[in-house]
Amino acid sequence: MKYLNVFIQNNISRIDDLYTYMAHDEVDVEVGMRVQVPFGKGNRNKIGIVLSIEREKKSEYKIKEIIEVLDYKPIIDEDLIELGFWMKNKYLTKYNQSFAPLLPPGDIKTIQRIANIKSDYTFLDSEVEFAEELVKNKYNLKFVDSNENFKLIVKKLIREEVLTISFKVDTVGGTKSQKAIKLRKDYLNTMSESKIKLSEKQLIVIEYLQKKGTVLKSELLQNLKISDSPVKTLENKNLIETIDKEIERNPYENVDEFKINVLNEEQVKAFRGILNSNKKVSLLHGLTGSGKTEVYLKLAEEAIRKNEQVIVLVPEIGLTPQMIDRFKGRFGESVSVLHSKLSQGERYDQWQKVKNGEVSVVVGARSAVFAPFDNLKLIIIDEEHDSSYKFHNALRYDTIEVAKKRMEMESGKVVLGSATPDINSYYRAQEGEYDLFELKKRAVIGAKLPNVQIVDMRNELIKGNTSIFSESLRGLISEKLERREQIILFLNRRGFSNFVSCRACGHVIKCDNCDISMTYHKNTNMLRCHYCGSTKKMVTRCPECGSKFIKQFGVGTQKVEEEVKKIFPNAKVLRMDKDTTVKKKSYDEIYKRVKDREVDVLIGTQMLAKGLDFENVTLVGVIAADLSLYISDYRANETTFDLLTQVSGRAGRSSRGGDVVIQSYNPENYSIIYASNADYLNFYKRELEVRREFNYPPFSKLVNIYFSSEDNSKIENLANRVLFEIGREISGFKVEYTRLIQTPRIKNIYKYKFTLKVDPNFIDKLTDIIKGVLIKNRKEINKSNIYVDVEFV
DNA sequence: AGCACGCCGACT
DNA sequence: GTCGGCGTGCTC
């Protein structure tokens, strides 16, 4: 007997576990194959995936036997499963959280096994029945399941390398197919043997098919401008045949070819450097417009030449038509695109193509890091500083760490690219862990750097201007409108929180211990630090200058839109934010409208910061740089620097040069000043010092542990016990921790958290300790219906 | 989640 | 006795 540890997919945390089943030794089963098993008291049929196989019985439970093995070849490679276990351990997630992203999209039940038979193989007499069924079922092996003899034949043919398996995912409710026409193999014989005469139309059809091979019937009729009767006649004459062809739901059709440009000296240096680097990770630091994408394309081209495969990760928001067009245009059909706005069917198609080896490049958002390639040697992560790659509520892994791990397993390389690298990444490059390559020249010849000015909004208040536009921004807006040039007004609201600031002097109330802005809570009239939980009473006068202009800071896109319409009634204004941009379509539409100059002023949030290049935009106004400067997060300065640098780049796309106006109540803040000069290096140096002083990453690693439940009575006790037990275990290590703090209740779920700050070298040790404590309290946690989430920042 | 078990009251 | 309504607890 052998023992299979089976993962049965579900979202219910209480049964999220591996279940052990027996199988006889002679059963052919491998890790990654699907098995049918009896589950629960009623022995319901469930389909699970084998994640590991053991010789010995380890479990104390009464073990059931599997019903059937459903695959002849794993649907997930062993490497990916190993990666799943690694994630589970590193991030202390549920099985579902770590393994679901590795699974094919949709229900694993719907994966069909399609046989491909070597063309020169002649079936034996004993296999004729099988062969007939095979053709009848269009090579779908489903018919095999009920016949033991057929199963043996399949296995034998696989062993003899006559039969290979590819996977097909059916859309729920059946696949869409269309009628297609092709010439019968023996059409020439048929024609000469029966001396068939062809009419004019029939001849056209035959010629067309000779040229094109298999064609959709609808296409044929349309292109040749004929009715279907000649086609029918040809079919009756046994010259052509109709087959069902599946519609490929290709979301990106007719992309213009994108030729690779000749690389400049810097780009060549980076390309060669990355190729020859002996380090696992290379960091490509390139200014906006310096042509990082060209380097990516060249690297991908090189990999394809060697029959290797490549994953290119792009932030969801940066996965613009432009980016996709460049890869599609360069590599055509060998590129698959994965992102959150694909329909279920499109997703199936893309997975299938990757799994069956039909493509070599995947361009996609974070979860594409799990694309099921089997000879993956390169993962490129563009805009690597972007927060979408990091730990998320639902997506519990750090994309860069996972990419590094995957490439470590496959001995491949990771390339991180950014104009504003993550402080952590740049630090690692400085420390020699990564190789660093810089692109400093603008690749587009003639493009000028924009003229950036910072406006002190405190002076505007003194001058009596209480509007959201400074005189200078207002002046420039009207100037550009007159010249029929376009304007972007930007609100950097990412992670916006209710900080309190003084409009007279710019002072912001921060936590005394953490250097993080405090948040105003209206119901208690208190200020509070989201990191350590300490509170202060809300102030009525500024503790710095005594002014009473101290209050919650806030401005939204709607407000900006109203103001613009009031002051410039003739301007055509378009607002772009989460409310107005929900679908892929509307994003493309907004893009098109701006491109076609149907819009004078585009107002938006960080969605605007990336990927949108408009020639005619010559003014970017940042309404209040302070918005992102005071989010309750140690990365506030970095986020601000990144956003301001990127949005400023939007004005520098044309040869006319452009203007950028950054409005702020804290114009002396270093992230604003360095961003205005696009001076990454000095920003990095300064920010690193701040991080060192307050012991934030890269000098530490943060771990948040959340406890949530609908029932408030037990959480606090249990969370405090977990905190106490962890505290006891870590005495002797360099770990700081906050006390337990309650976070705002959302949808009737009470939530508490505490944060641990640990020396990065001890993170694995600390993870083990947390794991141990959670396992120890597991019964209690389950019984009280408390959810525990561990977040690594 | 989904199923069976078992405890209890109501009914034959 | 025994039927069924619903709370409880487990799933290899």
Side-chain angles (χ1 to χ4, degrees), chain A residues 1-71 74-76 78 81-82 84-85 87-89 92-111 172-173 344 393-394 396 707-715 717-718 747-749 771-772 774-789:
Chain A
M1 280 293 178
K2 44 192 173 186
Y3 299 90
L4 318 178
N5 293 316
V6 177
F7 168 61
I8 297 166
Q9 196 181 4
N10 54 54
N11 296 317
I12 309 123
S13 80
R14 316 190 55 175
I15 53 172
D16 182 280
D17 211 339
L18 295 189
Y19 294 86
T20 309
Y21 288 88
M22 302 188 282
H24 285 278
D25 283 327
E26 63 272 18
V27 172
D28 288 313
V29 58
E30 289 170 40
V31 164
M33 287 181 177
R34 289 171 296 168
V35 286
Q36 196 171 25
V37 294
F39 187 75
K41 288 212 171 113
N43 281 340
R44 286 161 284 146
N45 264 351
K46 286 265 175 183
I47 291 178
I49 291 184
V50 178
L51 294 190
S52 67
I53 301 177
E54 282 157 15
R55 302 253 109 231
E56 306 284 310
K57 176 178 171 176
K58 281 189 188 157
S59 176
E60 296 299 307
Y61 292 95
K62 42 194 181 347
I63 294 177
K64 295 178 187 172
E65 197 175 339
I66 62 163
I67 298 167
E68 195 171 11
V69 179
L70 297 174
D71 285 306
I75 60 163
I76 319 176
E78 208 166 354
I81 290 175
E82 194 187 326
F85 278 117
M87 288 198 290
K88 168 101 177 42
N89 256 318
L92 303 180
T93 61
K94 309 271 180 233
Y95 281 96
N96 195 45
Q97 289 168 325
S98 283
F99 285 92
L102 309 175
L103 298 181
D107 191 339
I108 56 169
K109 262 184 247 160
T110 63
I111 297 175
V172 184
Q344 189 72 346
N393 303 351
R396 329 217 103 244
F707 301 81
S708 52
S709 173
E710 279 180 42
D711 177 5
N712 197 16
S713 63
K714 290 172 189 147
I715 322 179
N717 251 335
L718 188 111
K747 286 185 199 160
N748 273 332
I749 307 262
K771 190 179 172 183
L774 290 182
I775 287 174
K776 205 179 134 197
N777 290 287
R778 189 175 163 176
K779 271 219 169 108
E780 189 74 20
I781 291 169
N782 273 342
K783 219 174 88 186
S784 323
N785 260 324
I786 293 171
Y787 292 86
V788 183
D789 274 324

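Throughout, a chain's letter reflects where its sequence line sits, starting with A, and its residues are numbered from 1. It should be emphasised that the depicted structure is a prediction, and the values quoted were computed from it without experimental measurement.
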Base versus backbone protein contacts along nucleotides 1-7 of chain B [heavy-atom cut-off under 4.0 Å; B, S, -]:
BBSS---
Mind running side-chain contact (heavy atoms from CB on, under 4.5 Å) on A:Phe99 and A:Ile76 for me, showing each step along the way?
CA-CA 10 Å; A:Phe99 285 92; A:Ile76 319 176; over 6 Å; no
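- With contacts defined as side-chain heavy-atom distances shorter than 4.5 Å, the pair A:Lys2/A:Glu54 does not qualify.
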Does the side-chain contact (heavy atoms from CB on, under 4.5 Å) test come out yes or no for A:Asn89 and A:Lys771, once each step is laid out?
CA-CA 9 Å; A:Asn89 256 318; A:Lys771 190 179 172 183; 2.5 Å; yes
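- At most 12 heavy atoms of other shown residues, nucleotides or ligands fall within 6.0 angstrom of atom CD in A:Glu78.
- Shown are A:Ile49, A:Ile47, A:Val6; of these, the side-chain contact (heavy atoms from CB on, under 4.5 Å) with A:Val35 is made only by A:Val6.
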Contacts under 3.5 angstrom, residues 64-71 of chain A side chains, donor-acceptor by atom type, not counting sequence neighbours:
{"residue": "A:Lys64", "atom": "NZ", "partner": "A:Gly40", "partner atom": "O", "Å": "3.1"}
{"residue": "A:Lys64", "atom": "NZ", "partner": "A:Asn43", "partner atom": "OD1", "Å": "2.5"}
{"residue": "A:Glu65", "atom": "OE2", "partner": "A:His24", "partner atom": "NE2", "Å": "3.4"}
{"residue": "A:Glu68", "atom": "OE2", "partner": "A:Lys151", "partner atom": "NZ", "Å": "3.0"}
{"residue": "A:Asp71", "atom": "OD1", "partner": "A:Arg34", "partner atom": "NH2", "Å": "2.8"}
{"residue": "A:Asp71", "atom": "OD2", "partner": "A:Arg34", "partner atom": "N", "Å": "2.9"}
{"residue": "A:Asp71", "atom": "OD2", "partner": "A:Arg34", "partner atom": "NE", "Å": "2.8"}

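- You'll find the side chain of A:Met22 stays beyond 4.5 Å of the side chain of A:Val27, heavy atoms only.
- On the nucleic acid side, DNA chain C contacts chain A at distances under 4.0 Å to non-hydrogen atoms, with the end points of that region at C:dG9 to C:dC12.
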